[in-house]
Amino acid sequence: VLLRNSLIQMYARCGSVSDARKVFDDQALQNNIYSWAIMISIYARAGDLDEAQALFDRIPLRSAVACNTMLAKYAQIGDLERAMAIAREIEAPNLVSLNLVLSIYARSGRCEAAERLFFAMPYWTLASWTALITAFAYTGQMLKLQHFFANMPQHDIVAWNALLDAHAQNANLESAAGIFWRMPQRNLVSWTTMLAAYAQAGNILGAKALFEKMPERDSVAWNAMVGVYSRCGNLENSKRVFDEMPEQNNVSFNAMLLGYTQAGHLESASVLFERFQYAADVFSWTTMLAAFAANGYISEAKRIFDKMPHHSIVSWNSILTGYSQNGHLEHAMEGFHVMPRRNLVSWNILLSAYSLAGNVPLVRRFFEQMPEKS
RNA sequence: CACCGCGCUACCCG
């Protein structure tokens with residue numbers, strides 16, 4: 001079985017998932033829990049979530065590792081509901097399972113839950129600490145974050161990067177730069193995080209200077225640079241960077257699409273979008289939706305919204321914004337109640353819808369109902 | 001022999 005499992009992995013590493021599967025299917029009764037976990041992980045890595053799920057559904061014994069693999073994959077694509085559903089069903093969660101749940105809490109801004117889980121864990125790895133720190137970063141609790149960072153047993157580069165990102169996201173460019181230049185080592189992630197810090201602060205020249213200083217660049221870095229120009233509507237530079245990058249992917253395409261919409265070229269954006277619709281993801285759809293909504297084309301926005309294959313909370317928020325800014329308070333309210341879940345942005349949008357409608361008592365009452373206030 | 005933590009693109013305010 002050992003040999004068999006190594007063979008499965010070897011085929012996968014050489015890029016042949018189907019050969020790996022052949023070994024797995026041949027005398028299938030010989031497969032042990034490792035074989036199943038390995039095969040599921042291969043499909044998950046290859047992005048074939050359906051096949052991974054199909055195997056997971058007929059696994060003879062649901063090991064924690066197999067569950068973790070599915071859980072991690074769903075968390076990675078942002079389906080936190082399904083990830084949590086799997087987490088709840090793990091019979092004997094291991095430390096990795098707990099770390100995964102911790103990072104789900106972090107990514108949904110559930111700090112109290114994260115902290116409670118952290119202290120209930122039998123022991124901690126660096127991943128546990130970093131996941132918790134990320135939770136505090138998400139909600140801007142910098143003091144707590146500093147405290148936990150200071151108390152972790154070691155600071156590896158991932159922990160430093162998480163600290164750097166926390167400062168970047170909380171719009172503190174000076175302190176981010178301070179951390180960046182005094183951290184013990186920097187890798188590609190550190191550089192891109194710092195680039196995002198400049199972008200977040202709207203410091204385009206700083207972003208450009210840092211980008212040129214980078215010792216190496218991957219597509220994440222290039223895409224970030226396209227995004228910097230796109231967000232401020234500098235279409236020429238977006239295009240230039242996009243053409244210069246060694247290879248473009250979906251994210252590059254979405255960043256470029258944003259360049260067109262932000263420059264006010266809705267027609268060109270539509271043409272581009274139609275031509276590459278087969279490759280469009282929820283980001284591309286929402287970019288178009290938000291562009292129409294922001295420019296007062298509310299029925300076109302609604303058409304996009306109805307047509308898109310999957311609605312994220314951001315796409316819901318975008319259509320709410322369209323209604324709110326075009327005087328359709330009723331529609332905004334309806335959407336707000338119908339959407340599967342709401343975040344702080346959703347509440348802010350509705351709050352401003354009430355303000356625009358000039359209904360002061362309602363604004364006041366709604367404000368008081370808000371679960372959190374920034 | 002399998003699983004986990006940090007960076008890029010879309011929504012409000014900044």
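On a predicted model such as this, the values are computed, not experimentally measured, just so you know. Just so it is clear: chains get the letters A, B, ... in the order the sequence lines come, proteins before strands, and each one is counted from 1.
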Report task. Please determine which of A:F24, A:F56, A:Y43 meets the ring-ring contact (aromatic ring centres under 6.0 Å, His included) test together with A:W36. Result -> A:F24
Check every strand shown and say whether [X] touches a base, only sugar-phosphate, or nothing at a heavy-atom separation below 4.0 Å.
| X | value |
| --- | --- |
| A:S6 | nothing |
| A:N250 | nothing |
| A:Q248 | nothing |
| A:T125 | nothing |
| A:D218 | base |
| A:D156 | base |
| A:T286 | base |
| A:L2 | base |
| A:L102 | nothing |
| A:I38 | sugar-phosphate |
| A:D165 | sugar-phosphate |
| A:T287 | sugar-phosphate |
| A:S352 | nothing |
| A:A224 | sugar-phosphate |

Query raised in the report: Looking at A:Y105, does the NZ or CZ of A:R110 lie under 6.0 angstrom from its six-membered ring centre and within 45 degrees of the ring axis?
Result: no
Report task. Validate the cation-pi geometry between A:R107 and A:Y138: distance from NZ or CZ to the six-membered ring centre under 6.0 Å, angle to the ring axis within 45°. Result -> no
Report task. Could you walk me through whether A:T125 and A:S128 pass the side-chain hydrogen bond (donor to acceptor under 3.5 Å, both in side chains) test, one step at a time? Result -> CA-CA 5 Å; A:T125 61; A:S128 327; 3.2 Å; yes
Report task. Determine, stepwise, if the pair A:D165 / A:T193 fulfils side-chain hydrogen bond (donor to acceptor under 3.5 Å, both in side chains). Result -> CA-CA 6 Å; A:D165 190 44; A:T193 304; 5.0 Å; no
Requested in this report: Could you list where the contact with chain A starts and ends along RNA chain B, reading 5' to 3', using a 4.0 Å heavy-atom cut-off?
Outcome: B:C1 to B:G14
Report task. Go through the steps to decide whether A:K22 and A:D19 satisfy the test salt bridge (charged side-chain N to carboxylate O under 4.0 Å, His left out), and finish with yes or no. Result -> CA-CA 5 Å; A:K22 273 188 200 120; A:D19 285 328; 3.4 Å; yes
Query raised in the report: Are A:F366 and A:W347 close enough that their ring centers fall under 6.0 Å?
Result: yes
